[in-house]
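Quick notes on the structure that follows.
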Amino acid sequence: MTSRTLPGQPHIHYKDGQLCVEDCTLEALASEHGTPLFVYSKASMLAALAAYQRGFTGRNAQICYAMKANSSLGVLQVFAQAGCGFDIVSAGELARVLAAGGDAGKVIFSGVGKTRREMREALLAGIGCFNVESEAEIDVLNEVAVSLQLRAPISIRVNPNVDPKTHPYISTGLKGSKFGVAHDRTLATYQHAAALPGLHVVGIDCHIGSQITLESPYLDAVDRMLDLVESIEAAGIPIHHIDFGGGLGINYNGDTPPQADALWTKMLAKLDARGFGQRKLMIEPGRSLVGNAGVCVTEVLFMKPGEQKNFCIVDAAMNDLPRPAMYQAFHDIVPLEQKKRAQPDSASLVCDVVGPVCESGDWIGHDRPLAVAAGDRLAVLSAGAYCMSMSSNYNSRPRAAEVLVDGKQAHLIRERDSLADQMRGERLL
Ligand SMILES: *Cc1c(COP(=O)(O)O)cnc(C)c1O
């Protein structure tokens, strides 16, 4: 018996030549449920969470899973049962948290464009905190809360102006970003909010970007945040919690982001040094809790060798895996059968792995050496975050099914869309 794990994904490994998620072989799951199929490891999610929990041992900290990374109910249930709160960005996400058994009191509501209706629903549900992003939003939230005779707990998202050195589309903490309140407007914004009858200032937050693989932007953000907390508190406005957002990267292509526990040991040392180590801390990790826990299994439909390029046409596409088209993102792609991994001496073909969608942007991987044929199955790795949650029905393709593996057990947590699902709510003239 041989077992080989893939880098950065300890619960996804070859066993007796077959790619497995925990104790389930992906071939068996794909045969049972069809492809494309997302498969997630529960142990991998809990291990990622445990790294943060270890980092916060003995501290007053709350981990709010940023659920836009993967908002499937079965995934939310795992985190709710593990005691997580949730970072939401819409009323739809709030409804999902409640449906999955999450605690409204541990929900924080982020986003630059909350509607009045969403504010009302979140207030009535009793969420823990609104992370507000502009003076205009502060005034509207105050009005909505006053009309319900409630007080909205708020934190103001500040823009610490640090460069996370990641893709520009997922870099959010620089001047010129639509997110957060500018560093030099922060105190005035707090003073404005603290004077309003419908609001209760409870915290401060930031979120500097996503897929961050360096520790320095986080450490810089600590100093900038604490400078602000000191000036706000000096003006007589107590800050009960400090929220450092999410953004920690994962391994897509040999990336080596800091480990959550090691990063937090350093962050906490800085907080301790400035006397803030016992303050309530919040974080909003998304990708780093789920990204490496999932794969997308897809079947090779056709090999199409060409003069300039060879194509491997698979049954998953940009509607299932939007990150390559959106961010030129890299996902590793491996065959389910270990012996079909391309070896330097084997008859492999360098191909672009593409889907059936009618767009040249519909690619999953460029220039990959593959030794597969039609009918073989591949796993697209690191597909647990920002894949299913960003998927669509483009080209009238059904959204894929999802399985959550727990040891030997495989739970179908989402059925593949039926044709009726796809046409639900539509009417002829
Ligand atoms: C998206 C987002 C997160 C999570 O980001 P990850 O990179 O997935 O960890 C956290 N907080 C806010 C406000 C976000 O918008």
Side-chain angles (χ1 to χ4, degrees), residues 45 48-49 51-52 55 62-72 75-76 79 84-90 92-94 97 106-114 118 122 127-134 137 154-160 162 164-174 177-181 203-215 217-218 221 225 241-252 255 257-260 263-264 267 281-294 322-323 326-327 329 382-390:
M45 293 181 203
L49 177 64
Y52 284 100
Q62 184 180 312
I63 301 169
C64 292
Y65 167 52
M67 62 179 281
K68 71 179 190 287
N70 187 321
S71 50
S72 299
V75 171
L76 302 183
F79 289 117
C84 283
F86 295 90
D87 175 39
I88 66 167
V89 291
S90 70
E93 288 196 342
L94 176 58
V97 169
K106 291 188 196 165
V107 166
I108 54 186
F109 192 170
S110 298
V112 292
K114 305 172 189 79
E118 288 179 315
I127 69 161
C129 190
F130 289 83
N131 286 1
V132 299
E133 302 220 15
S134 62
E137 181 187 346
I154 69 153
S155 159
I156 295 177
R157 176 167 175 180
V158 301
N159 196 334
V162 298
K165 306 206 165 48
T166 183
H167 190 285
Y169 282 13
I170 49 178
S171 167
T172 52
L174 279 168
S177 147
K178 73 174 176 180
F179 299 101
V181 171
I204 187 167
D205 66 281
C206 68
H207 172 68
I208 56 177
S210 197
Q211 185 53 21
I212 299 169
T213 54
L214 300 173
E215 62 184 28
Y218 283 104
M225 291 288 280
H241 76 247
I242 309 174
D243 176 349
F244 287 99
L248 190 57
I250 62 165
N251 175 34
Y252 286 107
D255 308 293
Q259 297 295 305
L263 174 65
W264 273 96
M267 303 263 286
L281 302 173
M282 313 253 268
I283 52 163
E284 307 164 354
R287 186 190 315 268
S288 55
L289 293 183
V290 291
N292 283 143
R323 298 186 62 260
M326 250 177 110
Y327 317 112
S382 311
Y386 302 106
C387 292
M388 180 47 108
S389 60
M390 291 178 107

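Order of appearance sets the numbers: ligands from 1, and atoms from 1 within every ligand.
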Using a 4.0 Å cut-off to any heavy atom of [X], which atoms of ligand 1 qualify?
X	answer
Arg157	13 (C)
Asp87	10 (C), 11 (N), 12 (C), 13 (C)
Ala66	3 (C), 4 (C), 10 (C)
Gly246	9 (O), 10 (C)
Arg287	6 (P), 8 (O), 9 (O)
Ser110	13 (C)

Classify the side-chain pair [X]/[Y] by whether it contains a donor and acceptor separated by less than 3.5 Å.
X	Y	answer
Asp243	Gln62	no
Ser389	Asn70	no
Ser288	Tyr52	yes
Arg287	Ser210	yes
Asp205	Ser155	yes

Which protein non-hydrogen atom lies closest to [atom], naming both residue and atom, and how far is it?
atom	answer
atom 5 (O) of ligand 1	His207 CE1, 3.3 Å
atom 11 (N) of ligand 1	Glu284 OE1, 2.6 Å
atom 15 (O) of ligand 1	Lys68 NZ, 2.7 Å
atom 8 (O) of ligand 1	Tyr386 OH, 2.6 Å

Backbone or side-chain N or O of Gly286 under 3.5 Å from ligand 1 N or O: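 Looking only at distances, the answer is yes, because the N/O contact criterion of under 3.5 Å is met.
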Test: Glu93 and Lys68 ion pair at under 4.0 Å: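 Judged by the 4.0 Å cut-off on N to carboxylate O distance, Glu93 and Lys68 do not form a salt bridge.
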Min heavy-atom dist Phe179 to ligand 1 below 4.0 Å: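 No, Phe179 has no heavy atoms under 4.0 Å from ligand 1.
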Within-shell test, Gly247 vs ligand 1, heavy atom, strictly < 4.0 Å: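 Judged by the 4.0 Å heavy-atom criterion, Gly247 does count as contacting ligand 1.
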Mode of Ser210 contact toward ligand 1 - side chain, backbone, both, neither (heavy atoms, under 4.0 Å):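 Both of them.
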Which segment of Ile212 sits under 4.0 Å of ligand 1 when only heavy atoms are counted: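 Near ligand 1, Ile212 shows nothing, with every heavy atom at 4.0 Å or more.
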Centroid-centroid distance, Trp264 to Phe244, less than 6.0 Å: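 Between Trp264 and Phe244, the centre distance is under 6.0 Å.
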Heavy-atom closest pair, residues Asn131 and Lys114: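 That closest heavy-atom pairing would be O-NZ, 2.8 Å.
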Whether Phe86 and Tyr65 hold their rings parallel, tilted or perpendicular, with breakpoints at 30° and 60°: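 Perpendicular: the ring planes of Phe86 and Tyr65 meet at over 60°.
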Side chains of Val158 and Met225 in contact at under 4.5 Å (non-hydrogen atoms):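 Val158 vs Met225: side chains touch.
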